[in-house]
Amino acid sequence: MQRDDEEPDVLELDLALLTDVRPDARFERPMEPNVRETRLLNDLPWVRSVGRLEMTVATEGWKFPAPPVELTPPPPRIATEPPAGRHEIKLPQLPDKDQPPKKPIRAKPTVDTVVFKDRLLCLLQPPLDGLFDGRQLEVPFPPFPYQLEGIAFLMPRHAALLADEMGLGKTAQIILSLRLLFHQGVIRRGLIVCPKPLVFNWARELKSWAPDLPFETIEGDPERRRTAWFTSNCPLKIVNYETLTRDSDHSSDPRVAFDVVVLDEAQRIKNRDSKTAQVVRAIPRARSWAISGTPIENHPDDLVNIFAFVDPERIPPDTPPKRLQQLTSDCILRRTKDLVQSDMPPKIIKDLEIDLSPAQRAAYTLAEKEGVIHLNELGDTLTVQHVFQLVMRLKQICNFDPRTGESAKMEQLLSDMEEVAESGQKAIIFSQWVEPLHAIAKQLKRFNPLEYHGKIPQPERTPILDKFKKDPDAHVLLMSYGTGSVGLNLQFTNYVFLFDRWWNPAIEDQAINRAHRIGQKSTVTVTRFLSRETIEQRIATVLDAKRKVFNDLLANAEKPATMGLSEDEIFGLFDIRNRPKRAA
Amino acid sequence: MSVPPVSTPITLGFLTALQEPSGWLGGYLVTNSWGRPLEFRLTTAVQPNRVQTALYGPTLTEYVLADLIGKTLVEKTATKPDLIVTDVPAALALRSRLEIPVIGVKVGGVELSTDLTAFTHARSSIGLLIPNRFAADRTAVTQLLERIDPAVDLAEPFTRVREAISEARKMGVTNRAA
């Protein structure tokens with residue numbers, strides 16, 4: 001152990017640092033700076049494209065034909081000062097909240113319309129509802145909704161058959177459709193073909209429903225007609241079937257091509273091989289419209305032959321009748337009065353069975369007895385014409401006794417006419433023959449009868465109709481079925497008498513519908529005279545069964561049949577022992 | 001802006017645009033004063049991308065409907081209208097790009113900007129709109145409307161235009177517009 005007073009041992013340490021200096025080879029070389037390039041700040045910044053910021057759009061347009069100058073809208077109507085005095089102001093009807101709003105009636109492109117521009121033109125037309133309410137187009141009265149639908153049906157179609165029941169205003173629908181197409185500039189040349197007695201009717205209806213549409217009738221001497229066909233620039237022409245057939249060289253000339261040809265009473269071409277049918281089919285045209293309340297008068301072939309004009313490609317040869325409806329339904333529009341009844345006053349049909357007067361009965365019985373004996377005596381030489389002659393003879397006796405002039409029908413008619421005249425009304429009386437009409441005229445002299453039949457010269461017919469319409473004392477118009485059953489508008493008449501019956505119910509319906517048609521404001525009473533226990537009653541039974549066939553054919557082509565009496569049925573009217581074999 | 005003399009027939013332009021999955025489609029119908037079609041034009045679909053949508057911001061709709069679709073349609077159509085009617089409020093801005101009065105029909109359910117003034121007229125079954133900036137057009141517009149056939153309803157032709165656009169779409173026309 002170390003004591004505190006002992007001195008510690010001290011050792012000297014050499015703290016000097018010995019340095020060894022040696023040269024470094026790196027410092028033997030001169031220094032070289034390391035240079036690196038770098039971007040300066042004024043360089044463009046980095047950019048990534050995000051695509052085009054500006055937007056572009058492409059367009060496609062369609063220009064439609066401009067309406068002709070003469071059909072451009074008239075200047076706005078200037079308000080006039082109302083006359084002094086009290087006025088009844090019709091307040092606008094408020095919409096019924098409970099009634100759903102009516103869908104506007106508009107033309108739609110058909111399935112056959114393949115060109116987009118044509119489809120567009122159809123779709124872009126304004127609704128028909130507002131056009132005819134008297135504000136835009138001048139019309140005698142606003143068309144009924146079903147008529148607007150008819151116009152919407154016709155306008156887009158190049159092939160159409162308007163087959164509405166008689167009296168529903170087919171003429172007005174056609175005229176308004178033509179008028180709108182002319183206004184649109186879609187058509188510029190039109191031709192209406194109609195039976196001769198209806199030319200005046202068409203002219204009158206055109207003035208009424210299309211006062212802004214110029215028209216002319218092709219008539220007169222050959223040079224005048226030639227001018228009308230080739231030179232005249234009148235947009236709408238009317239020609240009757242007979243003149244058309246006569247001018248077939250002109251009408252088939254490509255230079256007279258029409259944008260639309262309207263065929264009134266198209267059943268006139270039901271015989272495909274007739275000259276009329278051939279001439280009509282040869283007219284160069286873009287649109288083919290046919291009108292007929294009775295497109296099937298006797299046989300489904302009637303319809304096929306009308307379609308040879310309307311759309312020749314639509315019905316292939318030898319098409320079975322049951323396929324007709326399927327093939328043609330897109331081109332046919334048919335409405336019956338039952339369908340549009342709410343728009344029309346009712347029609348009451350009275351079948352008045354009348355007993356023959358004693359003199360008539362005696363004459364009838366004798367004529368029938370002798371007639372049947374005669375028919376049976378004819379044996380193998382018997383033809384339907386022989387039977388037909390007997391039928392006619394008996395029917396004439398049912399009208400008037402040939403010896404005494406007695407007539408049970410006439411007595412009844414006199415009584416009915418008293419009532420008609422008393423109430424200030426007017427009546428039309430139809431007969432199959434002109435002679436009974438003369439006899440009736442004599443007996444109805446105090447009712448100022450007017451006659452309208454085939455023996456009245458054409459120029460005198462229109463004044464007769466005008467007189468019947470305007471003269472309050474002219475209560476009765478006597479017409480033959482042949483002359484007065486088609487196309488005439490006699491809707492101011494409330495009574496129709498069928499003094500005798502026609503062979504074909506379609507013709508009878510046409511006659512009845514002279515009075516029961518659009519514009520009629522009151523009930524129309526139709527009296528069909530029928531002599532009891534006579535040939536008239538037998539024929540009526542057969543015809544009544546056939547009357548239904550017409551509508552069935554258009555709705556369902558399962559029942560091809562003839563509408564009038566077939567040969568077999570005519571033989572069946574009498575008890576004939578030896579019928580010709582071909583008719584059995 | 002001048003109103004054509006009374007003897008000159010006036011023409012109306014009806015402009016609409018539909019927003020579809022493929023973008024905005026424009027349709028434009030020019031009619032005479034009876035509402036009968038004279039010319040129709042439609043556009044291909046305009047579909048702004050995300051960047052365009054972001055960059056155009058709130059001005060996008062007006063740009064697409066007024067500048068792009070509306071102005072192009074009116075300028076490319078040969079028949080010049082005296083009055084343009086639209087059922088798309090944003091397209092009313094077209095007025096500032098053209099020297100033609102532009103009015104709108106007041107379609108239900110659309111919130112209206114305070115930049116618009118509503119008014120009524122017998123020629124429209126629904127209310128009408130005019131941009132406040134162009135309130136001075138009102139007199140001329142009224143004079144023009146008086147000259148339109150009374151049966152015309154300014155709200156009606158848009159149904160036709162939309163049907164025509166729909167038909168065009170069905171037939172593939174909207175893809176080929178050029």
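Reckoned from all heavy atoms, side chains included, excluding hydrogens, waters and symmetry mates. Here is the naming used below: chain letters follow the sequence lines, and residue numbers restart at 1 for every chain. Everything numeric here is computed off the predicted structure, so don't read it as measured data.
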A.B. asks: So which atom in A:Thr59 and which in B:Arg41 form the shortest heavy-atom distance, rounded to 0.1 Å?
C.D. replies: OG1-NH1, 2.8 Å
A.B. asks: Can you name the side-chain contact (heavy atoms from CB on, under 4.5 Å) partners of B:Leu60, sequence neighbours left out?
C.D. replies: A:Met55, B:Pro48, B:Thr53, B:Tyr56, B:Val64
A.B. asks: Indicate the atoms forming the closest heavy-atom contact of A:Leu123 with B:Ala164, along with that distance.
C.D. replies: CD1-CA, 4.4 Å
A.B. asks: Out of A:Arg106, A:Lys117, A:Glu54, which one racks up the most heavy-atom pairs below 4.5 Å with chain B?
C.D. replies: A:Arg106
A.B. asks: Work out which heavy atom in A:Val57 is nearest to a heavy atom in B:Leu68; give both atom names and the distance.
C.D. replies: CG1-O, 3.4 Å
A.B. asks: Evaluate the side chain to side chain contact (heavy atoms under 4.5 Å, CB included) criterion for residues A:Lys63 and B:Thr79: first the C-alpha distance (whole Å), next the side-chain angles of each, then the deciding distance (0.1 Å), finally the verdict.
C.D. replies: CA-CA 9 Å; A:Lys63 203 166 180 189; B:Thr79 314; 3.8 Å; yes
A.B. asks: At a 4.5 Å cut-off on heavy atoms, which part of B:Thr31 comes close to chain A: side chain, backbone, both, or neither?
C.D. replies: neither
A.B. asks: Starting at CZ of A:Arg119, measure out to NZ of B:Lys170 and round the result to the nearest 0.5 Å.
C.D. replies: 6.5 Å
A.B. asks: Going through the distances and angles, do B:Val30 and A:Phe64 end up as a side chain to side chain contact (heavy atoms under 4.5 Å, CB included)?
C.D. replies: CA-CA 10 Å; B:Val30 181; A:Phe64 304 114; over 6 Å; no
A.B. asks: Between A:His183 and B:Arg36, what is the shortest heavy-atom contact and its length?
C.D. replies: CB-NH1, 3.3 Å
A.B. asks: Side chain of B:Thr43, backbone of A:Ala58: donor and acceptor closer than 3.5 Å?
C.D. replies: no
A.B. asks: Salt bridge or not between B:Glu163 and A:Lys108? Use side-chain N to carboxylate O under 4.0 Å.
C.D. replies: yes
A.B. asks: Pick one of side chain, backbone, both or neither for B:Ala78, based on which atoms fall under 4.5 Å of a heavy atom in chain A.
C.D. replies: side chain
A.B. asks: Would you tabulate the side-chain donor-acceptor contacts of residues 11-19 of chain B under 3.5 Å, counting partners in other chains and residues two or more places apart, or write 'none'?
C.D. replies:
{"from": "B:Thr11", "atom 1": "OG1", "to": "B:Lys80", "atom 2": "O", "distance (Å)": "2.9"}
{"from": "B:Thr16", "atom 1": "OG1", "to": "B:Asp87", "atom 2": "OD1", "distance (Å)": "2.6"}
{"from": "B:Thr16", "atom 1": "OG1", "to": "B:Asp87", "atom 2": "OD2", "distance (Å)": "3.2"}

A.B. asks: Going from CG on A:Leu124 to CG on B:Leu38, what distance comes out if it is rounded to the nearest 0.5 angstrom?
C.D. replies: 10.5 Å
A.B. asks: Among B:Glu167, B:Gln47, B:Glu156, B:Arg50, which residue has the highest count of heavy-atom pairs closer than 4.5 Å to chain A?
C.D. replies: B:Glu167
A.B. asks: Determine the minimum heavy-atom distance between A:Pro126 and B:Trp34, stating which atoms define it.
C.D. replies: CG-O, 4.4 Å
A.B. asks: When you look at CZ of B:Arg97, are more than 12 heavy atoms from neighbouring residues, nucleotides or ligands closer to it than 6.0 Å?
C.D. replies: yes
